[in-house]
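To start, the structure under review is shown below, and the notes come after it.
Each chain gets a letter, A, B and so on, in the order its sequence line appears, and its residues count up from 1.
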There are 2 protein chains.
Amino acid sequence: MDSVAVENYLKSIWELGPDDVATQDLAQLLNVAPASATKMVQRLTERGLVKHIPYKGASLTSEGRRRALSVVRRHRLLETFLSQTLDLGREQLHEEAENLEHGLSTELETVIANYLGNPERDPHGHPIPGPNGELPIDEDLLLSDCSLNQYLVVTQVPDRDPELLTWLEKNGIFPGIKLKIVSRDDFGGGINVSLEDSSIQISTSVANEVYVKLEND
Amino acid sequence: MDSVAVENYLKSIWELGPDDVATQDLAQLLNVAPASATKMVQRLTERGLVKHIPYKGASLTSEGRRRALSVVRRHRLLETFLSQTLDLGREQLHEEAENLEHGLSTELETVIANYLGNPERDPHGHPIPGPNGELPIDEDLLLSDCSLNQYLVVTQVPDRDPELLTWLEKNGIFPGIKLKIVSRDDFGGGINVSLEDSSIQISTSVANEVYVKLEND
DNA sequence: TAATAGTTTTAGCCAAGGCTAAACTTTATA
DNA sequence: TATAAAGTTTAGCCTTGGCTAAAACTATTA
């Protein structure tokens with residue numbers, strides 16, 4: 001069994017990957033000093049879970065990726081389970097799942113997955129890896145990359161920042177919602193979006209974290 | 001925040017307590033060497049969570065007890081929650097709750113408690129401590145202490161041993177079930193019990209782990 | 001009551017996972 | 001292209017929570 005620390009490193013490298021994950025980014029995501037990240041990356045390299053080119057970056061081996069995706073699967077199943085049973089707000093799910101994911105046994109993971117009907121996405125729209133680490137190719141589009149006046153459906157919102165999620169929620173942006181970009185402000189000022197019965201302005205940084213698909217699938 | 005190890009030590013001392021908890025018993029319950037238990041008991045004494053009289057035994061301070069009961073509360077709420085939502089068998093609950101209890105935040109604990117209607121007992125019949133460590137006085141009787149031919153209701157079964165729990169379940173012994181001791185075998189050979197529509201023999205060691213109350217409250 | 005068995009503690013070791021300070025690479029800039 | 005800035009690694013330290021072996025204490029029994 002991987003320790004909590006190892007699981008968190010693997011998951012973080014996966015999230016920052018797939019290639020050349022910088023020590024600093026890893027350290028920042030995990031709230032540790034860069035030197036600590038270097039040391040752990042070296043240990044994981046010893047164990048065959050990470051490939052590390054000094055001064056260049058880290059990436060997961062296939063075994064490392066398998067284990068990272070196991071953590072991601074548990075995380076996303078827990079988010080879905082908590083959302084379904086307790087209806088927590090979408091902005092509370094991430095942190096709770098983060099705490100519980102390391103204690104979820106394979107057996108309970110399976111029971112929960114079955115209970116939920118083996119869902120393909122969590123409440124933020126993120127795809128849930130299969131029990132063996134299969135991850136469907138994610139073909140969603142970045143909202144900020146879409147053209148004007150296309151009919152779009154939101155597929156994914158970020159999960160980490162509760163403030164941002166609360167704001168998105170309040171403005172009616174979450175998976176399943178239909179919208180259309182009506183105009184772009186100059187100089188990276190953001191985009192203007194019309195929803196079912198409102199229209200709002202979304203900054204570029206936020207639009208870079210929201211994924212959509214074309215409405216006619 | 002207490003570490004997982006500290007939480008487990010506190011919980012175990014509480015379970016073995018209230019007084020003069022032997023190093024060996026503690027070590028055995030936690031699957032560590034006696035020397036490791038001694039060392040941790042000393043550290044917890046430093047921290048003011050445990051009182052330790054060398055060569056005599058350990059016990060919890062009131063703060064130690066408060067923290068131990070917080071773990072017990074999380075454990076029992078989780079058992080209840082898993083049982084209610086996923087209907088796991090009673091024999092699977094303990095281990096899963098053991099894994100998850102350390103990752104349950106105070107906020108989620110509260111949400112779960114409310115969702116369940118602030119239950120007073122878990123699926124094994126064990127009382128659930130309140131959010132501030134209040135524990136109602138447990139007045140249940142040991143099955144093995146009861147007299148013949150009294151009308152009894154099972155209130156608590158043990159939670160740790162899945163084999164035993166499966167056996168009890170199969171023979172219809174779980175909280176809420178009515179029964180009566182019809183006779184005692186000689187020389188500690190156990191007791192003969194009649195249930196609603198069966199009768200079985202229960203060994204003394206098992207009868208020492210089942211609690212009951214008189215049927216007329 | 002003296003020897004022995006059982007329990008507990010001490011001493012000394014180890015690995016994991018943190019940290020800071022200093023050294024080393026790489027990248028950017030003058 | 002030399003030098004400064006930024007990022008990374010190394011070195012050395014610390015705490016936690018394990019372990020074993022040996023010493024010390026307690027309890028039992030001859």
Name the atoms and distances for all side-chain donor-acceptor pairs under 3.5 Å in residues 22-30 of chain A, with sequence neighbours left out.
none

Would you be so kind as to tabulate the donor-acceptor pairs closer than 3.5 Å made by side chains of residues 33-44 of chain B, with sequence neighbours excluded?
from: B:Thr38; atom 1: OG1; to: B:Pro34; atom 2: O; distance (Å): 3.3

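The side-chain contact (heavy atoms from CB on, under 4.5 Å) check on A:Leu142 picks up A:Ser144, A:Asp145, A:Asn208, A:Tyr211, with sequence neighbours excluded. Shown here are the side-chain contact (heavy atoms from CB on, under 4.5 Å) partners of B:Asp19, two or more places apart in sequence or in another chain: B:Ser59. With sequence neighbours left out, A:His126 forms a ring-ring contact (aromatic ring centres under 6.0 Å, His included) with A:His124. B:Glu209 meets the salt bridge (Lys or Arg N to Asp or Glu O under 4.0 Å) test with no other residue; sequence neighbours excluded. Residues satisfying the salt bridge (Lys or Arg N to Asp or Glu O under 4.0 Å) criterion with B:Glu169, sequence neighbours excluded, are B:Arg90. For B:Glu46, there are no side-chain contact (heavy atoms from CB on, under 4.5 Å) partners at least two apart in sequence or on another chain.
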Within the sub-3.5 Å range, which N or O atoms of nucleotides 19-26 of chain D have a protein N or O partner, and how far apart are they?
from: D:dC19; atom 1: OP1; to: B:Ala33; atom 2: N; distance (Å): 3.4
from: D:dC19; atom 1: OP2; to: B:Ala33; atom 2: N; distance (Å): 2.7
from: D:dC19; atom 1: OP2; to: B:Ser36; atom 2: OG; distance (Å): 2.5

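In this structure, B:Met40 places its CE atom 17 Å from C1' of C:dT9, rounding to the nearest Å. For A:Arg43 and D:dT9, the CZ to P distance is 15 Å, given to the nearest whole Å. Rounded to whole Å, atom P of C:dT9 lies 11 Å from atom CD1 of B:Ile53. The interatomic distance linking B:Leu16 (CG) with C:dT7 (P) rounds to 15 Å, in whole Å. The interatomic distance linking A:Leu44 (CG) with C:dA16 (P) rounds to 11 Å, in whole Å. Between the CD atom of A:Glu46 and the P atom of C:dG17 there is a distance of 14 Å, rounded to whole Å.
At the phosphate of D:dT10, OP1 or OP2 sits under 4.0 Å from a side-chain N or O atom of A:Gln42. OP1 or OP2 of C:dT10 has not a single side-chain nitrogen or oxygen of B:Thr38 nearer than 4.0 Å. Residue B:His52 places no side-chain N or O under 4.0 Å from the OP1 or OP2 atom of C:dT8.
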- [ ] Taking Watson-Crick and G-U wobble pairs with both distances under 3.5 Å, convert DNA chain C into its dot-bracket string, 5' to 3', dots for unpaired and | for cross-strand pairs.
- [x] ||||||||||||||||||||||||||||||
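Residue pairs meeting the ring pair (Phe, Tyr, Trp, His ring centres under 6.0 Å) criterion with at least one member in residues 72-92 of chain A, sequence neighbours excluded: A:His75-A:His94, A:Phe81-A:Tyr115, A:Phe81-B:Phe81.
In the region residues 21-29 of chain A, proximity to DNA chain D at under 4.0 angstrom, judged on heavy atoms, holds for A:Ala22, A:Thr23, A:Gln24.
At a threshold of 4.0 Å, the pair A:Arg74-A:Glu7 counts as salt-bridged, since one of the basic side-chain nitrogens sits closer than that to a carboxylate oxygen. Between A:Glu15 and A:Arg160, at least one side-chain nitrogen of the basic residue sits less than 4.0 Å from a carboxylate oxygen of the acidic one, meeting the salt-bridge criterion.
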